[in-house]
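Okay, structure first, notes after.
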Amino acid sequence: MSARKIIIDTDPGQDDAVAILLALASPDEIEVLGLTAVAGNVPLPLTSKNARIICELAGRPEIPVHAGCDTPLARPLVTAEHVHGKTGLDGPDLPDPEGDLTPGHAVDFIIDTLRAHPPGSVTLCPLGPLTNIATAFRDAPDVIARVREVVLMGGACFEGGNITPSAEFNIYVDPEAANIVFRSGAPLTVMPLDVTHKALVTKPRNDAFRALGTPVGIAVAEMTDFFERFDKEKYGSAGAPLHDPCVTAYLIRPDLFRGRHINVEIETRSDLTLGMTVADWWRVTGRAPNATFMGDIDADGFFTLLTERLARL
Ligand code: BDR
Ligand code: CA
């Protein structure tokens with residue numbers, strides 16, 4: 001089987017970084033055509049710089065990194081320095097990138113790449129707010145039918161929210177964009193908090209990253225150490241959830257995840273529940289399914305895969 005061609009749309013973010021490293025460590029299964037940065041965890045200048053830092057850490061400086069949208073479609077940007085630190089990648093001491101961003105807007109890169117490849121051959125992997133993807137779908141609706149699959153981290157059902165009681169961060173930051181993507185008709189696979197809150201970096205799992213002894217292993221241990229402080233205190237759990245790598249792990253080992261093909265709508269009007277993913281898990285509405293919404297993960301299998309792949313970098 002040939003490697004799956006993907007674009008990673010991202011707002012690094014320590015967990016974005018690990019998701020990118022996992023993809024770059026898995027060339028038999030995944031061909032990363034490029035990274036597109038979006039404003040989210042931190043503002044765009046930092047997310048685009050961080051995306052380059054991670055490519056260089058992985059020894060892949062040739063991967064194109066395009067900067068994209070710096071504000072959500074219809075609202076001011078909300079960021080998450082309280083989780084990810086001032087740089088978005090707080091924790092390890094990583095050098096500034098040597099290479100430059102690739103010229104051209106991220107949205108143009110997404111559109112041009114989808115048009116340049118055969119229909120159904122490029123998968124989009126959004127790990128942040130959906131602003132870039134929605135802008136591409138809005139400005140060039142012809143590309144929607146060319147997408148093989150959108151595999152994204154965002155939303156929640158039974159788990160509630162993490163930025164508000166009812167909304168997950170990526171969807172909350174740009175609910176109008178999420179609404180466009182969820183209504184686009186493109187095949188969607190969603191990794192919500194219901195899954196990612198089961199992918200906890202416990203101490204033995206963090207120790208396993210560090211024990212790799214490589215610059216990548218040590219950086220991942222230091223990154224997960226950093227945001228663990230916040231999440232452990234918040235959730236009282238044994239470790240912090242490693243959200244975004246669920247997306248790239250799914251491309252390699254879909255059998256690690258379980259979900260349902262259901263209807264998911266995005267709340268864009270209520271102040272109270274803005275950005276909620278209203279997931280019809282029990283199929284009570286009769287609304288047409290538009291997403292495979294994951295609910296469970298084999299967490300041990302996930303961390304074994306991750307550690308084994310990171311060891312290759
Ligand atoms: C999501 O929000 C960000 O803080 C993380 O990078 C992840 O993509 C989790 O809600
Ligand atoms: Ca992210």
Side-chain angles (χ1 to χ4, degrees), residues 7-23 35-44 46-51 53-54 65 68-69 72 77-91 106 124-133 150-175 177-178 181 189-201 220 223-224 226-231 234-235 237 239-250 266 274-277 279 293-294 297:
I7 297 172
I8 302 180
D9 187 70
T10 178
D11 64 336
Q14 294 90 346
D15 61 323
D16 300 70
V18 181
I20 295 164
L21 291 169
L22 175 58
L35 304 189
T36 52
V38 68
N41 286 322
V42 285
L44 184 70
L46 286 170
T47 59
S48 43
K49 176 182 169 188
N50 291 344
I53 289 176
I54 296 307
V65 178
C69 300
L77 177 65
V78 175
T79 53
E81 285 88 355
H82 60 293
V83 183
H84 299 273
K86 220 157 55 101
T87 67
L89 275 189
D90 279 19
L124 303 179
C125 298
L127 310 177
L130 288 159
T131 321
N132 286 340
I133 308 294
V150 180
V151 184
L152 68 92
M153 190 280 136
C157 178
F158 301 103
E159 195 65 10
N162 59 357
I163 186 79
T164 74
S166 49
E168 179 281 329
F169 179 79
N170 290 340
I171 307 296
Y172 177 79
V173 171
D174 199 341
V181 173
T189 297
V190 181
M191 295 292 166
L193 296 181
D194 305 77
V195 167
T196 68
H197 280 182
K198 292 172 186 151
L200 299 177
V201 189
V220 167
M223 284 193 265
T224 51
F226 179 85
F227 69 75
E228 189 162 277
R229 286 202 288 271
F230 169 82
D231 279 311
K234 177 173 169 192
Y235 297 112
S237 55
L242 203 47
H243 306 281
D244 294 338
C246 291
V247 167
T248 41
Y250 171 78
I266 309 296
L274 185 69
M276 183 177 184
T277 43
F293 197 87
M294 294 301 176
I297 179 176

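Order of listing sets the numbers, starting from 1, for every ligand and every atom in it.
- Exactly one residue among Leu127, Asp244, Asn50, Leu46 makes a side-chain contact (heavy atoms from CB on, under 4.5 Å) with Pro12. That residue is Asn50.
- Judged by distance alone, with hydrogens and angles left aside, the side-chain atoms of Asp194 form a donor-acceptor pair with the main-chain N or O of Glu159 at under 3.5 Å.
- Residue contacts to the Ca ion (ligand 2): Leu127 brings an N, O or S atom closer than 3.0 Å.
- Remark: ligand 1 and Asp11 share no N or O pair separated by less than 3.5 Å (distance only, no angle test).
- Between OD1 of Asp11 and OD2 of Asp244, the angle at the Ca ion (ligand 2) works out to 140°, rounded to 10 degrees.
- Considering backbone and side-chain N/O atoms, Asn162 comes within less than 3.5 Å of an N/O atom of ligand 1.
- Protein heavy atom nearest atom 8 (O) of ligand 1, with residue, atom name and distance: Asp244 OD1, 2.7 Å.
- At the shortest separation from atom 3 (C) of ligand 1 among protein heavy atoms lies Asn41 OD1, 3.1 Å.
- Between His84 and ligand 1 there is a heavy-atom distance shorter than 4.0 Å.
- Not a single N/O/S atom of Asp15, whether from backbone or side chain, sits less than 3.0 Å from the Ca ion (ligand 2).
- In this structure a side-chain-to-backbone donor-acceptor pair under 3.5 Å is present from Gln14 to Asp90.
- Protein heavy atom at the shortest distance from atom 10 (O) of ligand 1 is Glu168 OE2, 2.4 Å.
- In this structure, Asp11 contributes its side chain and Thr47 its backbone to no donor-acceptor pair below 3.5 Å.
- Annotation for Thr79 and Glu81: closest pair OG1-OE1, 2.6 Å, computed over non-hydrogen atoms.
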Checklist entry - So Met153 and Leu193, side chain to side chain contact (heavy atoms under 4.5 Å, CB included) or not? Walk me through it. => result CA-CA 8 Å; Met153 190 280 136; Leu193 296 181; 3.9 Å; yes

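- Formation of a donor-acceptor pair under 3.5 Å by the Asn132 side chain with backbone atoms of Cys69 is found in this model.
- A heavy-atom separation below 4.0 Å is not found between Val83 and ligand 1.
- Listed by number with element, the atoms of ligand 1 under 4.0 Å from a non-hydrogen atom of Leu127 are 8 (O).
- Atoms of ligand 1 found under 4.0 Å from any heavy atom of Asp15, numbered from 1 in the order shown, are 5 (C), 6 (O), 7 (C), 8 (O).
- One N or O on the side chain of Thr87 and one on the backbone of Leu89 form a donor-acceptor pair closer than 3.5 Å.
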